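Single-structure report; data block below.
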Amino acid sequence: ILVLSSEWRRHPALRDGVDSNLKHRGLPQVHSDTPLHQLERFGDPLKSFALRRAREIGEYLTTAPLVKRWVALDDIDLSMADDDRRPGQPALGPRLVLTDKGICLTKEDAKKAIALLNGNSGKASGS
């Protein structure tokens, strides 16, 4: 299933656009969204953002005990939140596929995500 944690889920028109694009490409639509938290400001704005996203993902995972394998696809290095984990907040680094801001999701990114979901280290077979 696909759970949306991006900022796109915060705006109905953008959220609808995600589903529309997935449907247009013959892919399943978004199953649900992670909870919305307020941004807690720390020194580094990007780290504050990563911490909020990590905590939203963590809260979602505590409500979805059947989820055993998952991956985070993002163009922001969410692993920077791993140093300031709170109880219930997962380490994102080992499950992060860091995409390129300009290119978005590549075939190699997709292979890495599939490998992680299959329980591998994130190295696509044959690479």
Side-chain angles (χ1 to χ4, degrees):
I1 64 170
L2 179 62
V3 178
L4 194 63
S5 69
S6 80
E7 292 303 290
W8 294 69
R9 75 194 193 287
R10 295 180 179 273
H11 307 283
L14 296 176
R15 175 66 170 73
D16 291 344
V18 171
D19 275 336
S20 175
N21 273 298
L22 290 168
K23 183 177 180 181
H24 177 73
R25 287 167 175 74
L27 298 169
Q29 294 183 2
V30 174
H31 176 268
S32 58
D33 299 338
T34 58
L36 299 172
H37 290 191
Q38 292 297 322
L39 185 63
E40 297 177 44
R41 301 216 182 258
F42 302 100
D44 178 355
L46 203 53
K47 186 169 185 177
S48 297
F49 177 86
L51 284 165
R52 180 183 68 185
R53 179 70 55 80
R55 291 171 183 153
E56 291 169 340
I57 292 169
E59 183 180 332
Y60 176 83
L61 290 171
T62 62
T63 66
L66 295 179
V67 174
K68 302 297 181 209
R69 295 183 183 154
W70 56 275
V71 64
L73 303 166
D74 212 303
D75 63 358
I76 294 174
D77 186 356
L78 300 177
S79 70
M80 69 178 81
D82 291 351
D83 293 337
D84 293 306
R85 288 175 51 209
R86 293 181 183 168
Q89 178 183 326
L92 293 180
R95 298 175 180 270
L96 175 66
V97 176
L98 186 60
T99 61
D100 183 284
K101 288 180 187 349
I103 300 171
C104 300
L105 185 69
T106 66
K107 188 177 279 193
E108 287 306 310
D109 294 335
K111 288 178 182 178
K112 181 177 180 183
I114 291 166
L116 286 166
L117 291 171
N118 284 331
N120 300 322
S121 66
K123 294 191 189 284
S125 60
S127 11

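Not measured: the values here are computed from a predicted model. Note: hydrogens, waters and symmetry copies are ignored here, and every other heavy atom, side chains too, is used.
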| field | Evaluation steps, side-chain contact (heavy atoms from CB on, under 4.5 Å), between Thr34 and Val3 | value | CA-CA 7 Å; Thr34 58; Val3 178; 3.9 Å; yes

| query | For Thr106 and Asp109, what are the C-alpha separation, side-chain angles and deciding distance, and is it a side chain to side chain donor-acceptor pair (under 3.5 Å)? | reply | CA-CA 5 Å; Thr106 66; Asp109 294 335; 3.2 Å; yes

| said: As a quick check of understanding, evaluate side-chain contact (heavy atoms from CB on, under 4.5 Å) for Arg53 and Ser5, giving each step before the final call. | reply: CA-CA 7 Å; Arg53 179 70 55 80; Ser5 69; 3.4 Å; yes

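Under the side chain to side chain contact (heavy atoms under 4.5 Å, CB included) test applied with Val97, the options Ile114, Asp74, Leu73 reduce to a single match, Leu73.
Ion pairing of Asp19 with Arg15 is present here, as a side-chain N (NZ or NE/NH1/NH2) and a carboxylate O approach within less than 4.0 Å. Salt-bridge annotation for Arg10 and Glu56: present, with a side-chain N of the basic residue lying under 4.0 Å from a carboxylate O of the acidic one. Checked for salt-bridge contact, Glu59 and Arg86 miss the test: no charged N lies under 4.0 Å from a carboxylate O.
Considering only residues two or more places apart in sequence or on other chains, Ala81 meets the side chain to side chain contact (heavy atoms under 4.5 Å, CB included) condition with Ala50, Leu51, Ala54, Gln89.
Residue Asp84 comes nearest to Arg55 through the heavy atom pair O-NH2, 2.9 Å, listed as atom of the first residue, atom of the second, then distance. Residue Arg52 comes nearest to His37 through the heavy atom pair CD-O, 3.2 Å, listed as atom of the first residue, atom of the second, then distance. Annotation for Trp70 and Ala91: closest pair CH2-O, 4.3 Å, computed over non-hydrogen atoms. What you find for Pro94 and Asp82 is that their closest heavy atoms are CD-OD2, 4.1 Å.
Side-chain atoms of Thr99 come within 3.5 Å of backbone N or O of Asp75 as a donor-acceptor pair. In this structure a side-chain-to-backbone donor-acceptor pair under 3.5 Å is present from Ser48 to Asp44. Listed for the Ser79 side chain is no donor-acceptor partner under 3.5 Å among the backbone atoms of Leu92. When atom types are taken as modelled, the side chain of Asp100 and the backbone of Gly102 share a donor-acceptor pair closer than 3.5 angstrom.
Between the CD atom in Glu7 and the CD1 atom in Ile76 there is a gap of 8.0 Å [rounded to 0.5 Å]. With values rounded to the nearest 0.5 angstrom, Phe49 atom CZ is found 7.0 Å from Leu78 atom CG.
Apart from Leu36 itself, the hydrophobic cluster it occupies contains nothing, where clustering links Ile, Leu, Val, Met, Phe, Trp and Tyr at side-chain heavy-atom distances under 4.5 Å. Leu2 forms part of a hydrophobic cluster together with Leu4, Trp8, Leu14, Val18, Leu22, Leu27, Val30, judged by ILVMFWY side-chain heavy-atom separations under 4.5 Å.
Between Pro35 and Tyr60 the shortest side-chain heavy-atom distance falls below 4.5 Å.
In Lys107, the NZ atom is not crowded: 12 or fewer heavy atoms of neighbouring residues, nucleotides or ligands sit closer than 6.0 Å.
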